[in-house]
Undergrad: 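Below are the structure tokens for one structure; questions will follow.
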Amino acid sequence: MKVVIVGGVAGGATAAARLRRLDESAEIVMLERTGYVSYANCGLPYYIGGTIEDREELTLQTPESFKNRFNIDVRVHHEVTEIHPAEHTLTVRRLDDGSEYTEGYDKLILSPGAKAIRPPLPGIDHERIFTLRTVEDTFRIREFLDREQPRRAVVVGGGFIGLEMAENLIGSGIETTLIQLDDQVLLPLDKDLAGEVQSYLRGQGLRLRLGTAVTGFAPDGAGLKVLIGADDPVPADLVILAIGVAPESDLARRAGLTLGQKGAIAVNDQMQTSDPDIYAVGDAVELTHAVTGRKTLVALAGPANRQGRVAADSICGIGDRYAGAQGSSILKLFEMTAAATGLNERAAKAAGLDYEVAITYSASHAGYYPGAKNMTVKTLFEPTTGRILGAGIVGFDGVDKRIDVLATAIRAGLTARQLTELDLAYAPPYSSAKDPVNMAGYVIENLRAGLVSQYRWDEVASLPTDGSVTLLDVRTPEEVAEQGLIRPDAVNIPLDELRGRLSELDPAKPLYVNCYSGLRSYLACRILSQRGFVCYNLAGGWRFWSYSSQDRVHDATPTHPCGLACGS
């Protein structure tokens with residue numbers, strides 16, 4: 001059996017190694033257009049910023065190491081220009097000299113990845129405009145930085161690559177502006193959760209221009225200007241385009257293979273295309289979302305590696321199947337971490353799902369142990385069953401392990417009740433007796449049981465101002481003086497004084513209660529509801545509302561102001 005693999009990064013390299021482990025006699029040929037295979041795509045921005053100092057660290061394997069260890073014929077600078085399915089052949093161009101030859105196959109795996117989007121804007125081909133997708137791109141940018149010593153940079157796009165590049169450019173002492181067409185960065189997060197990220201980034205010196213469209217580029221002395229419509233252009237010595245990627249599916253299209261969303265290659269759960277002898281994996285393929293069951297695109301390394309393994313197993317007769325992706329992702333931004341898994345609100349609405357949201361604010365470990373830092377956890381759940389649909393977390397320490405637990409819970413179909421029952425490791429330096437994941441489950445179960453009703457940050461401005469409702473703030477007067485009220489007509493009665501001051505509240509008026517994080521206002525609602533008041537708790541409290549509704553400096557307070565984690 002002869003297997004040819006087109007593309008030698010995550011999915012292709014994984015498929016090649018797995019094939020060899022399963023079939024020692026197979027002839028395996030890997031064709032890669034660039035000069036590198038099996039490289040750490042996700043590490044490229046960190047080489048540019050100097051965190052990774054040795055360029056050799058970026059490549060996990062070389063053509064020589066593949067040959068020596070796996071007996072795989074790896075050919076770099078070889079581009080497949082045509083697939084001929086009926087003949088089971090490929091047309092291959094040697095990029096070093098332009099010559100072409102024909103390569104036959106019994107089975108073919110396509111792992112072409114995705115290409116960086118370069119829109120047809122005026123001036124887009126300026127020599128100071130770069131994209132980052134390959135190792136060669138990385139070296140070009142790094143060499144430019146070393147040679148030109150730019151003072152000002154513009155990053156276009158607020159996704160993973162754009163934000164990682166912005167962090168590394170600022171770390172290199174370069175004044176950096178990030179321009180984003182959407183009104184938020186990090187689209188895997190909802191806008192309200194992204195507000196905290198944006199506030200933190202501004203505090204780190206990143207100039208954010210959200211909801212702004214780049215309309216072109218123009219020379220400006222030795223540098224260039226980034227044009228943004230009628231607004232003043234932004235001067236730059238360097239521009240990084242990071243506005244997204246598109247599936248590299250031209251080969252598949254010309255070969256007559258079925259395509260799906262956004263031109264991605266359609267595959268079944270064994271990674272087979274519409275041609276039974278051709279498989280496809282990685283960023284170029286259309287997947288099934290593990291939560292909604294709908295078709296989607298997920299350009300992440302984890303799914304690509306898993307798909308490569310499934311394709312190899314399928315070719316070798318092992319009945320493995322790809323069960324879909326849920327988009328679990330995580331990002332380091334200076335000292336902050338942002339992570340997401342499953343559905344956010346936009347995706348849940350697009351899928352027509354009935355969902356509710358719980359927002360909790362929990363310490364990374366026991367508050368009495370030094371160094372505890374809070375994290376904001378937003379969890380989507382199905383109200384009828386309590387099934388967890390998605391989660392986003394923004395914080396510092398411990399975000400990674402919580403998002404992984406929640407990703408596992410989503411994949412296993414766990415409910416909020418089952419989150420409360422998870423027996424997670426606890427010691428004061430690592431967690432609390434009730435872990436943040438447990439806490440999310442407790443809060444959801446309280447909502448489902450009707451022990452508390454909530455209102456959301458975006459409902460505050462629309463609450464009646466005619467005196468028919470009461471906005472009650474149960475923070476301390478000192479907190480209110482420092483932070484302000486969510487609305488001028490809110491009444492401040494500290495939680496610890498509430499029982500003695502109930503006469504100041506009209507039981508005929510619904511109460512909309514808030515504190516800093518949602519804990520004390522929850523306790524207030526339990527007091528009030530048992531005394532006949534109709535009470536709603538502000539999800540996430542003043543803190544979450546403030547990040548979601550306005551730009552402000554990030555609150556780096558390491559522990560909860562009332563000394564407790566937001567709880568049940």
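All values below were derived from every heavy atom in this structure, side-chain atoms included, with hydrogens, water molecules and symmetry-related copies excluded.
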Undergrad: Go through the steps to decide whether Gln326 and Arg411 satisfy the test side chain to side chain donor-acceptor pair (under 3.5 Å), and finish with yes or no.
TA: CA-CA 8 Å; Gln326 61 198 63; Arg411 178 63 62 144; 3.1 Å; yes
Undergrad: Using a cut-off of 6.0 Å, state whether more than 12 heavy atoms not belonging to Tyr355 lie near its atom OH.
TA: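 More than 12 within 6.0 Å, yes.
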Undergrad: Verify, without hydrogens or angle tests, whether Arg133 (side chain) and Ala114 (backbone) share a donor-acceptor contact under 3.5 angstrom.
TA: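 Between the backbone of Ala114 and the side chain of Arg133 there is a qualifying donor-acceptor contact (under 3.5 Å).
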Undergrad: Once rounded to the nearest 0.5 Å, what's the spacing between atom CD1 of Ile315 and atom CG of Leu19?
TA: 5.5 Å
Undergrad: Counting only heavy atoms from other residues, nucleotides and ligands, does the tally under 6.0 Å from NZ of Lys2 exceed 12?
TA: yes
Undergrad: Could you list the residues that satisfy side-chain hydrogen bond (donor to acceptor under 3.5 Å, both in side chains) with Arg306, not counting sequence neighbours?
TA: Asp320
Undergrad: Does the structure place the NZ or CZ of Arg142 under 6.0 Å from the centre of the six-membered ring of Tyr47, at an angle of no more than 45° from the ring's axis?
TA: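 Output yes; distance and angle both within limits.
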Undergrad: Let me see the working for Lys401 and Asp404 under salt bridge (Lys or Arg N to Asp or Glu O under 4.0 Å), right down to the final yes or no.
TA: CA-CA 5 Å; Lys401 69 177 181 178; Asp404 282 344; over 6 Å; no
Undergrad: side-chain contact (heavy atoms from CB on, under 4.5 Å), that's the test. Do Val405 and Ile403 meet it? Break it down for me.
TA: CA-CA 5 Å; Val405 172; Ile403 205 68; over 6 Å; no
Undergrad: Where is the tightest heavy-atom contact between Leu163 and Gly158, given as atom of each residue plus distance?
TA: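 That closest heavy-atom pairing would be CD1-O, 3.6 Å.
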Undergrad: Check whether NZ of the Lys or CZ of the Arg Arg55 lies under 6.0 Å from the centre of the six-membered ring of Phe139 and within 45 degrees of that ring's axis.
TA: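 Relative to the ring axis of Phe139, which defines the angle, Arg55 lies inside both limits.
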Undergrad: Is the shortest side-chain heavy-atom distance between Pro188 and Phe160 below 4.5 Å?
TA: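 With C-beta onward as the side chain, the pair touches.
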Undergrad: Any Lys/Arg nitrogen of Glu64 or Lys67 sitting under 4.0 Å from an Asp/Glu carboxylate oxygen of the other?
TA: no
Undergrad: Do Thr14 and Asn305 meet the criterion of a side-chain donor-acceptor pair at a distance under 3.5 Å?
TA: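 Yes.
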Undergrad: Show your reasoning for whether side chain to side chain donor-acceptor pair (under 3.5 Å) applies to Thr89 and Glu103.
TA: CA-CA 5 Å; Thr89 61; Glu103 187 76 35; over 6 Å; no
Undergrad: Cut-off 3.5 Å, side chains only: do Thr288 and Lys295 have a donor facing an acceptor?
TA: yes
Undergrad: Given the rule in the side chain to side chain donor-acceptor pair (under 3.5 Å) test, do Ser25 and Asp23 qualify, once you have shown the distances and angles that lead to the verdict?
TA: CA-CA 5 Å; Ser25 65; Asp23 188 345; 2.7 Å; yes
Undergrad: Apply side-chain contact (heavy atoms from CB on, under 4.5 Å) to the pair His88 and Asp106, showing each step before the final yes or no.
TA: CA-CA 7 Å; His88 280 61; Asp106 297 312; 5.6 Å; no
Undergrad: Write down the atom of Ile161, the atom of Pro45, and the distance for their closest heavy-atom approach.
TA: CD1-CG, 4.3 Å
Undergrad: Under 3.5 Å, side chain of Asn268 to main-chain N/O of Met271, donor-acceptor pair present?
TA: yes
Undergrad: Sequence neighbours excluded, which residues qualify as side chain to side chain contact (heavy atoms under 4.5 Å, CB included) partners of Glu421?
TA: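 Side chain to side chain contact (heavy atoms under 4.5 Å, CB included) check on Glu421 returns Arg417, Gln418.
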Undergrad: Between atom CD of Glu356 and atom OG1 of Thr384, what is the distance when rounded to the nearest 0.5 Å?
TA: 9.5 Å
Undergrad: Please determine whether the number of non-hydrogen atoms from other residues, nucleotides or ligands lying under 6.0 Å from atom CG of Asp423 exceeds 12.
TA: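 It does not: Asp423 CG has 12 such atoms or fewer within range.
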Undergrad: Below 4.5 Å, heavy atoms only, C-beta onward: do Val377 and Arg402 meet side chain to side chain?
TA: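 No, their side chains stay 4.5 Å or more apart.
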Undergrad: Taking atom CZ of Arg69 as the centre, does the number of heavy atoms from other residues, nucleotides or ligands within less than 6.0 Å exceed 12?
TA: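 No, not enclosed.
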Undergrad: Quick check on Glu335: does its CD atom have over 12 non-hydrogen neighbours (other residues, nucleotides or ligands) under 6.0 Å away?
TA: no
Undergrad: Could you walk me through whether Ser199 and Glu196 pass the side chain to side chain donor-acceptor pair (under 3.5 Å) check?
TA: CA-CA 5 Å; Ser199 294; Glu196 184 171 353; over 6 Å; no
Undergrad: Quick one, Val394 and Leu189 - any side-chain contact, counting heavy atoms below 4.5 Å?
TA: yes
Undergrad: Just verifying a value: how many Å separate Gln272 CD and Asp277 CG, rounded to the nearest 0.5 Å?
TA: 8.0 Å
Undergrad: Under the side chain to side chain donor-acceptor pair (under 3.5 Å) test against Arg33, which residue among His77, His78, Glu248 passes?
TA: Glu248
Undergrad: Which residues pass the side chain to side chain contact (heavy atoms under 4.5 Å, CB included) test with Ala440, sequence neighbours left out?
TA: Thr360, Thr379
Undergrad: Are any of the side-chain heavy atoms of Val135 and Thr34 separated by less than 4.5 Å?
TA: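 They are not in contact (no side-chain heavy atoms under 4.5 Å apart), so the answer is no.
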Undergrad: So how far is it from His84 NE2 to Tyr105 OH, rounded to the nearest 0.5 Å?
TA: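 The NE2 atom of His84 sits 9.5 Å away from the OH atom of Tyr105.
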Undergrad: Considering only heavy atoms from C-beta outward, does the side chain of Phe70 approach that of Gln61 to under 4.5 Å?
TA: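 Counting from C-beta outward, Phe70 and Gln61 do come under 4.5 Å.
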Undergrad: For Leu108 and Ile83: C-alpha separation, side-chain torsions, deciding distance, then whether side-chain contact (heavy atoms from CB on, under 4.5 Å) applies.
TA: CA-CA 10 Å; Leu108 177 65; Ile83 303 170; 3.9 Å; yes
Undergrad: To check you understand the geometry: which heavy-atom pair defines the closest contact between Leu419 and Gly441, and what is its length?
TA: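 Nearest heavy atoms, Leu419 then Gly441: CB-CA, 3.9 Å.
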Undergrad: Any heavy-atom pair between the side chains of Asn438 and Thr420 that's under 4.5 Å?
TA: no
Undergrad: From Asp137 CG over to Thr131 OG1, what is the distance, rounded to the nearest 0.5 angstrom?
TA: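 Atom-to-atom, Asp137:CG and Thr131:OG1 are 4.5 Å apart.
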Undergrad: Testing Val74, Ile28, Asp73 one by one against Phe66 for a side-chain contact (heavy atoms from CB on, under 4.5 Å), which residue passes?
TA: Val74
Undergrad: Working to the nearest 0.5 angstrom, can you tell me the gap between Leu414 CG and Ile388 CD1?
TA: 8.0 Å
Undergrad: Do Leu58 and Leu44 have side chains that get closer than 4.5 Å, going by heavy atoms?
TA: yes
Undergrad: Can you check side-chain contact (heavy atoms from CB on, under 4.5 Å) on Glu136 and Tyr36, steps first, answer last?
TA: CA-CA 9 Å; Glu136 286 91 343; Tyr36 299 87; 3.6 Å; yes
Undergrad: Do NZ/NE/NH1/NH2 and the carboxylate oxygens of Glu32 and Arg75 come within less than 4.0 Å?
TA: no
Undergrad: Can you tell whether the side chains of Asp192 and Lys378 come within less than 4.0 Å, N to carboxylate O?
TA: yes
Undergrad: How far apart are the closest heavy atoms of Ala10 and Ala304, and which atoms are they?
TA: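 In terms of heavy atoms, the two residues are closest at CB-CB, 4.1 Å.
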Undergrad: Between Ala252 and Leu259, which heavy-atom pair has the shortest distance, and what is it?
TA: CB-CD2, 4.2 Å
Undergrad: Would Lys332 and Asp400 count as a salt bridge (Lys or Arg N to Asp or Glu O under 4.0 Å) here? Give the steps.
TA: CA-CA 10 Å; Lys332 171 190 171 293; Asp400 53 343; over 6 Å; no
Undergrad: Decide yes or no for Phe396 and Met336: does some side-chain heavy atom of the first lie under 4.5 Å from some side-chain heavy atom of the second?
TA: yes
Undergrad: Work out which heavy atom in Ala153 is nearest to a heavy atom in Leu169; give both atom names and the distance.
TA: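 Heavy-atom minimum between the residues: CB-CD1, 3.9 Å.
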Undergrad: In this structure, is the centre-to-centre distance between the rings of Phe130 and Phe144 below 6.0 Å?
TA: yes
Undergrad: Check whether NZ of the Lys or CZ of the Arg Lys434 lies under 6.0 Å from the centre of the six-membered ring of Tyr442 and within 45 degrees of that ring's axis.
TA: yes
